[in-house]
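Counting from 1, the numbers follow the sequence of the chain as shown. A quick note: this is a predicted structure, and the numbers were derived from the prediction, not measured.
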Amino acid sequence: MAKVVKSCDFPVGIALHVFKMLNPSITTEPDPFAGSCIVTDTEPMDLTYPEGWYFAKGNFRNKHTSTTGMYSEIPMKKADGTYWCELVNYSTME
């Protein structure tokens, strides 16, 4: 039988790569605390997310959807350096 891996269980690097493919306008840059940061001027609710990944508390994350118990998150900010957590207070989790 074929093995199937849910998108919510992808390692964060793979999920980030898929996220960037779904949203060509986003980029990433190094972050001193998280390792990397997503940079986008697009409102987070207007982005397309891989299954099981969502925006909440300023981060791209899979905290409440991972079936392995392991979760990751990457902060998101605008090109001017303003973190999205300072601008909006919602979650795109369905």
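Residues Phe60 and Glu73 have side chains not in contact (no heavy-atom distance under 4.5 Å, counting atoms from C-beta outward). Ser72 is listed as a side-chain neighbour of Trp53, based on a closest heavy-atom distance under 4.5 Å. Looking at heavy atoms from C-beta onward, Leu87 lies in side-chain contact with Thr82 at the 4.5 angstrom threshold. Counting heavy atoms from C-beta on, the side chains of Ser66 and Asp9 come closer than 4.5 Å. Side-chain contact between Tyr71 and His64 is absent, with no heavy atoms from C-beta onward closer than 4.5 Å. Using a 4.5 Å heavy-atom cutoff, the side chains of His17 and Phe10 are not in contact. No side-chain heavy atom of Ile38 sits less than 4.5 Å from a side-chain heavy atom of Trp84. With contacts defined as side-chain heavy-atom distances shorter than 4.5 Å, the pair Thr28/Leu16 qualifies.
Distance alone, capped at 3.5 Å, is enough to place a donor-acceptor pair between the Asp31 side chain and the Phe33 backbone. For Asn62 (side chain) and Cys8 (main-chain N/O), a donor-acceptor pair under 3.5 Å exists by modelled atom type. Of the possible donor and acceptor atoms, one in the side chain of Tyr49 sits under 3.5 Å from a partner among the backbone N and O of Pro44.
Distance check: Tyr83 OH to Asn59 CG gives 10.0 Å after rounding to the nearest 0.5 Å. Atom CZ of Arg61 is separated from atom CD1 of Ile74 by 12.0 Å, given to the nearest 0.5 angstrom. Annotation: the span from Ser25 atom OG to Asp41 atom CG amounts to 8.5 Å, rounded to 0.5 Å. Here the straight-line distance linking atom CD of Glu29 with atom SG of Cys37 works out to 6.0 Å at 0.5 Å rounding. The distance from the NZ atom of Lys77 to the SG atom of Cys85 is 11.5 Å, given to the nearest 0.5 Å.
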Exercise. Passes side chain to side chain contact (heavy atoms under 4.5 Å, CB included), Asn23 versus Thr42? Steps please.
Worked result: CA-CA 10 Å; Asn23 302 281; Thr42 303; over 6 Å; no
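Atom CG of Asp46 is surrounded by more than 12 heavy atoms from other residues, nucleotides or ligands within 6.0 Å.
When hydrophobic clusters are built by joining Ile, Leu, Val, Met, Phe, Trp and Tyr residues whose side-chain heavy atoms come closer than 4.5 Å, directly or via intermediates, Met45 is not grouped with Val39. By the rule that hydrophobic residues join a cluster once side-chain heavy atoms approach within less than 4.5 Å of another member, Val88 and Met93 end up as members of separate clusters.
Annotation for Met76 and Phe55: closest pair SD-CD1, 3.5 Å, computed over non-hydrogen atoms. Closest approach of Ala34 and Pro75 over heavy atoms only: CB-CD, 3.4 Å. For Thr92 against Tyr54, the heavy-atom pair with the smallest separation is OG1-CB, 3.4 Å.
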